[in-house]
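In what follows, a structure is listed as structure tokens, so that the remarks can point back to it.
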Amino acid sequence: MSTDISLSPPPRRPLFGLVDVNNFYVSCERAFNPRLANVPVVVLSNNDGCAVARSNEVKALGIKMGAPWFQMKTLARQHGIVALSSNYALYGDMSNRVMSILRGFSPDIEVYSIDESFLRVETVAHLHGGAGAMGHAMRQRIRQWTSLPVCAGFGGSKTLAKFANHLAKKNPLFDGVCDLAALSAAERQHWMEKYAVSEVWGVGHRLAARLQSIGIRSVFDLASAHHPLIRRSFGVLLERTVAELQCTPCLDLEDLADPKQQIMVSRSFGSMVQDVAQLGEAVAWHIDRAAEKLRAQRSVAAAVYVFLQTNRFRPADPQHNPGMLVPLSDPSDDTRVLTQTALHGLRQIHRCDCWYKKCGVMLLELTLKRQRQETLFDEPVARAPSSQLMTAVDAINRVWGRGTLRTGAAGMSSRSEMHAQHRSPRYTTRWDELPVAR
DNA sequence: TCTGGGGTCCTAGGACCC
DNA sequence: TCTGGGGTCCTAGGACCC
């Protein structure tokens, strides 16, 4: 019988996990269409512009992330590449399913992007017999419940978990799960020497080039770098990354409730636009969307930025990429106020002789609605109808679909300017698009 | 013909103040 | 004749991420 009567367990070292879905958009498409298995598949961005997700077969053909679709059509024909338009309704729903499964493993979770989450696991890993075994259990359950393939990486910091995940994905011997904390120091060094410094989370292509010029080439080189030198030459961000690689966690999971500090909505046009009325409709449409996001996080905006872009891939055309920041005297979440503000800005910046390829809006200087400063001339009672109207608009659009109810400025025509020729059905979010078993 | 969309954070430098 | 030095705030731009 144990005589240990200590009341609290010894503190455990932090252990972070990173779980992500392999080739997420492609895997979602394959989940509902078995014919896509083992054939090269790409998913295209809005307007069917660029490749934003690639199956392994497509990666093997050398097609890069972000490659323009029109440039690879010949290659696509030769190899039978299947191209799909992006289907964000489907991907968003599948993402929610994966994240709720992960919440069943650890309550400490940060949904980092549509296809990946960080987790704190030091308090729960022992329930599964260690982080590695837990990673395999996650893989198995997600596979069984959603049919999506995931990889899991574990380490003593977020940066190490990221790197572990990369190892799990690239090396079959890990079978999709890598726990760096369970490897020996010599093994860790072996893997860190094997990968270029550009694989480190937080090192983009510019930093990688500068690091290489001073002899820091591998992940291990960076992990062994001299702190003050890194701080002096590259700033605090990279210094923090070095500490994280040395297993000193500097970044914790982030609070999911943090509201956004800015909200942006922009789109390229299917074809170029010159007419200011048409530009105005697009701007108003974007404001509709942005204001909806703004209200969803219960904030108000104190400024609106509106911008236009001509086609930079046609340098012979007149280029004009103006933008204007328009402050609001009274911060607002009312679509009508924000639309008027944005259209005022648009009229100032637009030039009649230019063809525009893209326009967008940003809502800035956001604050929580309940923390709003009252102005001298405020009449809180006068705000109530606006608030009720916006609540009703959002409720109707939630039920009947985005854009069902919108401002007149956003136009009467349905959104047909965008190209999306190869979109799959919204299998999981529309009754009339449910998959049918025969 | 055709080239995505959305975020965050840090730093340098100028304006301004005392 | 001689023209300082330190601090804050703001903004634009750059770097990174997915």
Side-chain angles (χ1 to χ4, degrees), chain A residues 18 20-21 23-25 42-54 63-74 76 83-88 91-92 95 110-118 158-159 162 165-166 197-211 231-241 244 250-251 254-255 258-272 282 286 289-290 293-294 297 303 305 307 309-315 317 321 323 325 327 355 357-366 417-422:
Chain A
L18 179 77
D20 77 344
V21 183
N23 312 330
F24 180 56
Y25 297 170
V42 288
V43 175
L44 304 175
S45 62
N46 282 328
N47 283 316
D48 293 344
C50 309
V52 290
R54 305 156 294 154
I63 289 174
K64 301 280 182 231
M65 181 71 175
W69 170 235
F70 75 93
Q71 285 177 0
M72 48 189 182
K73 277 189 174 164
T74 312
L84 299 166
S85 307
S86 34
N87 182 349
Y88 292 107
Y91 311 148
S95 174
E110 172 192 341
V111 177
Y112 180 66
S113 74
I114 194 166
D115 74 328
E116 65 188 303
S117 276
F118 285 105
K158 282 176 138 180
T159 304
K162 264 276 190 190
N165 181 278
H166 185 74
V197 70
S198 55
E199 297 298 341
V200 173
W201 186 46
V203 178
H205 69 284
R206 290 184 196 258
L207 272 179
R210 284 176 59 202
L211 284 168
R231 169 93 189 224
R232 215 172 33 246
S233 311
F234 299 93
V236 294
L237 288 180
L238 196 66
E239 188 194 24
R240 200 169 66 190
T241 296
E244 285 240 319
C250 306
L251 303 164
E254 279 176 37
D255 187 355
D258 275 0
K260 304 266 184 256
Q261 297 174 37
Q262 50 179 254
I263 289 171
M264 167 152 73
V265 175
S266 69
R267 289 288 181 281
S268 299
F269 300 114
S271 47
M272 296 199 282
H286 296 341
R289 269 300 292 134
K293 292 189 199 178
L294 182 71
Q297 67 168 36
Y305 185 78
F307 65 90
Q309 288 176 7
T310 44
N311 190 343
R312 65 199 159 98
F313 295 102
R314 300 180 63 161
D317 291 1
N321 300 295
L325 183 71
W355 289 89
K357 177 63 184 167
K358 179 174 180 175
C359 78
V361 299
M362 290 170 80
L363 303 182
L364 303 165
E365 293 170 46
L366 309 187
E417 298 96 333
M418 282 218 311
H419 301 303
Q421 294 185 336
H422 320 281

Tyr88(A) vs Ile263(A), nearer the 5' end of DNA chain B by closest nucleotide: Tyr88(A)
Between Arg231(A) and Trp69(A), name the one whose nearest nucleotide on DNA chain B is closer to the 5' end. Trp69(A)
Tell me every residue that passes side-chain contact (heavy atoms from CB on, under 4.5 Å) with [X], counting only those two or more places apart in sequence or in another chain.
{"X": "Ser117(A)", "value": "Met99(A), Leu102(A), Ile109(A), Val111(A)"}
{"X": "Arg289(A)", "value": "Val265(A), Glu292(A), Lys293(A), Arg402(A)"}
{"X": "Pro68(A)", "value": "Phe70(A), Gln71(A)"}
{"X": "Thr310(A)", "value": "Gln319(A), His320(A), Asn321(A), Cys354(A), Tyr356(A)"}

Applying salt bridge (Lys or Arg N to Asp or Glu O under 4.0 Å) to Asp20(A) and not counting sequence neighbours gives Lys169(A)
Please find the earliest and latest nucleotides of DNA chain C, in the 5' to 3' direction, that have an atom within less than 4.0 Å of any heavy atom of chain A. dA15(C) to dC18(C)
Reckon [X] touches a base, only the sugar-phosphate, or nothing at all at heavy-atom distances under 4.0 Å?
{"X": "Leu44(A)", "answer": "nothing"}
{"X": "Trp201(A)", "answer": "sugar-phosphate"}
{"X": "Arg314(A)", "answer": "sugar-phosphate"}
{"X": "Asp48(A)", "answer": "nothing"}
{"X": "Ile114(A)", "answer": "nothing"}
{"X": "Gln261(A)", "answer": "sugar-phosphate"}

Please give the stem ranges for DNA chain B, sorted by first residue number, where a stem is three or more consecutive Watson-Crick or G-U pairs and both donor-acceptor distances are under 3.5 Å. B:5-18 with C:5-18
Output all residues satisfying side-chain hydrogen bond (donor to acceptor under 3.5 Å, both in side chains) with [X], sequence neighbours left out; order by chain, then residue number.
{"X": "Glu116(A)", "answer": "Ser113(A), Lys162(A)"}
{"X": "Gln297(A)", "answer": "Ser299(A)"}
{"X": "Tyr305(A)", "answer": "none"}
{"X": "Thr241(A)", "answer": "none"}

Is the Phe118(A) ring parallel, tilted or perpendicular to the Tyr112(A) ring (thresholds 30°, 60°)? perpendicular
With no hydrogens and no angle check, is any side-chain donor or acceptor of Ser266(A) less than 3.5 Å from a backbone partner on Cys359(A)? no
Counting only non-hydrogen atoms, which of residues 357-365 of chain A are less than 4.0 Å from DNA chain B? Lys357(A), Lys358(A)
What interatomic distance, in whole Å, is found between C1' of dC16(B) and the corresponding atom of dG4(C)? 16 Å
